[in-house]
Protein chains: 2
Amino acid sequence: MTATLSDVAARAGVSISAVSRVLANAPSARVRPETRERIEQAAQELGYRPNYAGRALKLARSRVLALVVPDVTNAIFSELMRGVEDAAIDHDHVVLLGRSEDMQPGGSMITKLVGERRVDGVLLQLRDEASRADAAALLRDTEQQGGRSAVVFINSLQDRRAGSVSLPDEEAAAVATRALIDLGHTAIGYLGGLPTAFTAQDRQDGFRRVMAEAGAPVRSSWMTDLGYTADQGRRALRRIWSRGRRPTAVVVANLNAAIGVLAEARSLGIAVPSELSVVALHDAWTAEHTAPALSTVRMPLYELGRAAVEQLISELDQSARRRRRRNLVITDPRPELIMRDSTAVPRGGAVPTSDPEGRTR
Amino acid sequence: MTATLSDVAARAGVSISAVSRVLANAPSARVRPETRERIEQAAQELGYRPNYAGRALKLARSRVLALVVPDVTNAIFSELMRGVEDAAIDHDHVVLLGRSEDMQPGGSMITKLVGERRVDGVLLQLRDEASRADAAALLRDTEQQGGRSAVVFINSLQDRRAGSVSLPDEEAAAVATRALIDLGHTAIGYLGGLPTAFTAQDRQDGFRRVMAEAGAPVRSSWMTDLGYTADQGRRALRRIWSRGRRPTAVVVANLNAAIGVLAEARSLGIAVPSELSVVALHDAWTAEHTAPALSTVRMPLYELGRAAVEQLISELDQSARRRRRRNLVITDPRPELIMRDSTAVPRGGAVPTSDPEGRTR
DNA sequence: TTGAAAGCGCTAACAT
DNA sequence: ATGTTAGCGCTTTCAA
């Protein structure tokens, strides 16, 4: 049987409040060293472990966070989750994983979790198909909890009613595009996310900015907004390949979509990279084993996860009134270009346009 | 603010125990329909939600399960997790996700979770590198909790001190091997899991059985046991390719390893499937986008997840003494062959050896 | 420096 | 058919 505070108290010959104070290591615990000793000894011998149900009931804090993402098994999230878990552990919290699909109309799983006080707050990455209205509804629901809970959006909404953490999407897309430009490409396509995706606009902006800076034309027939999945990537490539002039390179706004692009290129008989270079946003182990291995831009997902937790817990620690809801963009470390084998100089030959010192590094 | 039982009671003009009984829908709740009506109405109006900390404290049951797997973002686990979540929800439980790496020596995360009663039980898939000793230590730790918690092993240990659920590994490997045989291959290699992996032996047995049945020779120079990751798959192919005679096909005991095999085949200049056919165990979306698309054997992961939860909760519902710890193998649905483009008749031409009615379907 | 006691929200045994 | 009450394990005021 698990020992309780009163077991420890009995064994140490003190009151349970003394034990509680000592073990909580409260600064207010002015205890005789000797007593502290006895208590710690007893706790040790009994293998005392605090019971979190008791604690949660008393403190009205479960020390559980929910992490809700569109697709748990997306390799891209690996780092995110590690960041979240590590930060949660640092703060003696624990994390519950959910799928955003379960966030359906009406009795959303999240509302339930929060309403039953099973979790103190939620880290939420909305599905790309989610509407602002969904988000608003959720926000309203959780606000009803008397501000005792909070939600932090990950890579989704930026809104003053909630905290958020996001990736430097604009910059990452810029880095990818710049890499292609530096190789000598100017005929570059862009395969982006769904128009409803929260990251879609920024990434496209980054692409456009660098193209403009380089004086390269942006052709709308080389731009798609079909989505971040492999199948959507396939469709996107098929589409731009079917319309007249063709680009010598594409930046694909998502790694999984790029995996689809590579697969489709193969069935279309397009040689990568000699005929078409491809760079993807996001990196994961899968990128090393595609054919050819994908050049990518690595994003600070681990740090994003950590930051999300810090933000959430800090909100939770503030009273609902004076809560500081920050909208953070994680820029440390910066997006990093990882050159593999899916990129090369364009067929005509390299025409280095910009700085030879290589700011692509 | 969240309403409590006594808020509801006050509003309905009854005692809190009446409310508790009605809302718990206890069979013993012999209540006047009229009272029930009033109570339900009040609960409705107040938006009452049970507080799980209170419930957990009283019942000594958190209704939280931990799911601990080696790698959360492995696409293979997608279905497993869906199964686990769905079943958990059916039983009004919630699931916490952990990584087996955190199960390190000494203060394993699992022991902590269980000791603090944050979870009632754990679904555990051991890492392939985990030793029987690790498992035993963990078992001992959780048993100390006075048998109030339980662990169910997933695809790992089979032991009478704990329940377990497993995949039909032998059969799946047999199905994969049979597919190759039916195509006319007899020179077949086998790229397996680490010798310490709990599934390694069964899968290899399945391979050997079908080879024996077909009268095909098993050559040890075509067998490896390097592991289930992509990199390990690459190494495995390199190894068997470097030793004299070469097989015309391989069964790879894991999808991710097979992704590595394909990548390595490419850099070795081996044509798949014309020169080498490959079939992998396990299926996931990634298999559709490899080059060429991978032929696989799909396993009942969703059902495995569900079964694991059912087993765990059923153990939890029994008193520690008379607990039935079952070791289940999930065979419904059976392993299913999914033919894609990584398999073909061997170069020499097809020599259909066995039943033309096609038992590979 | 230490202890007594109240109370967080809930369930269930017992009383009415 | 419904109400009263004790108590799950914990933290924290208040008193000594």
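Order of the sequence lines sets the chain letters (A, B, ...), proteins ahead of strands, with each chain counted from 1.
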| Of A:A53 and B:R32, the one whose closest DNA chain D nucleotide lies more 5' | B:R32

| task | For B:K58 and for A:N51, find the nucleotide of DNA chain D with the closest heavy atom, then tell me which residue's nucleotide is more 5'. | result | B:K58

| B:Y48 side chain near C:dC10 phosphate (N/O to OP1/OP2, under 4.0 Å) | yes

| said: Does D:dT4 have OP1 or OP2 under 4.0 Å away from a side-chain N or O of B:S15? | reply: no

Atom pair distance, as rounded to whole Å: [atom1] in [X] and [atom2] in [N]:
X	N	atom1	atom2	value
B:D7	C:dC10	CG	C1'	13 Å
A:L23	D:dT12	CG	P	14 Å
A:R36	C:dT2	CZ	P	10 Å
B:R55	D:dC10	CZ	C1'	20 Å
B:L5	D:dT5	CG	P	17 Å
B:L57	C:dA12	CG	C1'	14 Å
B:L46	C:dG9	CG	P	13 Å
B:I16	D:dA1	CD1	C1'	17 Å

| Between the side chain of A:R63 and the main-chain N/O of A:H91, is any donor-acceptor distance below 3.5 Å? | yes

Using a heavy-atom cut-off of 4.0 Å across all strands, would you classify [X] as base, sugar-phosphate, or nothing?
X	result
B:L59	sugar-phosphate
A:A18	sugar-phosphate
B:T4	sugar-phosphate
A:T35	sugar-phosphate

[X] side chain near [Y] side chain, heavy-atom distance below 4.5 Å:
X	Y	value
A:P70	A:Q125	yes
B:L65	B:V309	yes
B:D159	B:F153	no

[N] base / [X] side chain donor-acceptor hit below 3.5 Å:
X	N	result
A:R49	D:dG9	no
B:R117	D:dG9	no
A:S17	C:dA4	yes

| message | Between A:E85 and A:R82, does any side-chain N to carboxylate O distance fall below 4.0 Å? | response | no

